[in-house]
Amino acid sequence: TQLLEQSPQFLSIQEGENLTVYCNSSSVFSSLQWYRQEPGEGPVLLVTVVTGGEVKKLKRLTFQFGDARKDSSLHITAAQPGDTGLYLCAGGTGRRALTFGSGTRLQVQP
Amino acid sequence: DAGVIQSPRHEVTEMGQEVTLRCKPISGHNSLFWYRQTMMRGLELLIYFNNNVPIDDSGMPEDRFSAKMPNASFSTLKIQPSEPRDSAVYFCASSQGYSNEKLFFGSGTQLSVL
């Protein structure tokens, strides 16, 4: 069974702060996706990384895939209240369905 | 374009009753997934179909759960009989290709079994 653990589970910060969320596994993934989920809605894809060491930026969000393709991080610069939500990483291998991480619930206070 | 459509949005039922959840994937998508989300266990895959054929149903909890995809535009997830521990949010998602493609999720069905 492929497991993805995310840390921290919960994070409450003030607007303008920076933060990093981690996604770790003992398994190798061919790709890793990050989703954000808002209350009452389904997760929405933010980014997909496929190459070990890859870094992708989406405005104030920076995503990195570990060199060994077992871990990933999401860094948010100058967090805003609109960043509030549940952040989920998801790993894919071959034709198996995505395995989702346990999630990080972020609250950004104005 | 319409996204993934799930119905109902909310379902409250009594233990022992049959529950049927419905999903209409995005037109042209080949894969359909059913996930269950709870605070304790997070987002868990129940089953996924590719071209209407079940590919992986190892996440289906037990015989009380069954899923069908009679055509490319419709799928159902049935629980019979339902139990309180089935209470969760059930999501349907679809993707254009195989399982590792970008997933598009519906808004989910909040199920409460009393």
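Bear in mind that the values here come from a model prediction, so they are computed numbers and not experimental data. Each chain gets a letter, A, B and so on, in the order its sequence line appears, and its residues count up from 1.
- Residues from residues 50-80 of chain A never place a non-hydrogen atom less than 4.5 Å from a non-hydrogen atom of chain B.
- Residue contact with chain A, scored on non-hydrogen atoms closer than 4.5 Å, is absent for B/Phe104.
- Of the atoms belonging to B/Met39, it is side-chain heavy atoms, and not backbone ones, that fall under 4.5 Å from chain A.
- The CG atom of A/Leu88 sits 9.5 Å away from the SG atom of A/Cys23 when rounded to the nearest 0.5 Å.
- At a 4.5 Å heavy-atom cutoff, the contact between B/Leu45 and chain A is made by side-chain atoms alone.
- For the atom pair NZ (B/Lys68) and CZ (B/Phe74), the distance works out to 10.5 Å, reported to the nearest 0.5 Å.
- A/Leu4 is listed as a side-chain neighbour of A/Phe29, based on a closest heavy-atom distance under 4.5 Å.
- Using modelled atom types and a 3.5 Å distance limit, the side chains of A/Gln37 and A/Tyr35 yield no donor-acceptor pair.
- When each of B/Gln6, B/Gln37, B/Arg41, B/Glu44 is checked for heavy-atom pairs under 4.5 Å with chain A, B/Gln37 comes out on top.
- B/Gln110 does not touch chain A: none of its heavy atoms, backbone or side chain, sits under 4.5 Å away.
- Aromatic rings of B/Phe33 and B/Tyr48 (six-membered ring for Trp) have centroids within the 6.0 Å cut-off, being under it.
- Closest approach of B/Arg64 to B/Pro81, counting heavy atoms only: NH1-O, 2.8 Å.
- Counting only heavy atoms from C-beta outward, the side chains of B/Ser66 and B/Thr76 never approach each other to under 4.5 Å.
- Side-chain atoms of A/Thr84 never come within 3.5 Å of backbone atoms of A/Gln107 as a donor-acceptor pair (strictly under, hydrogens ignored).
- The candidate from A/Ala90, A/Gly101, A/Gly40 with the greatest count of non-hydrogen atom pairs under 4.5 Å with chain B is A/Gly40.
- Counting heavy atoms from C-beta on, the side chains of B/Asp57 and B/Phe65 never come closer than 4.5 Å.
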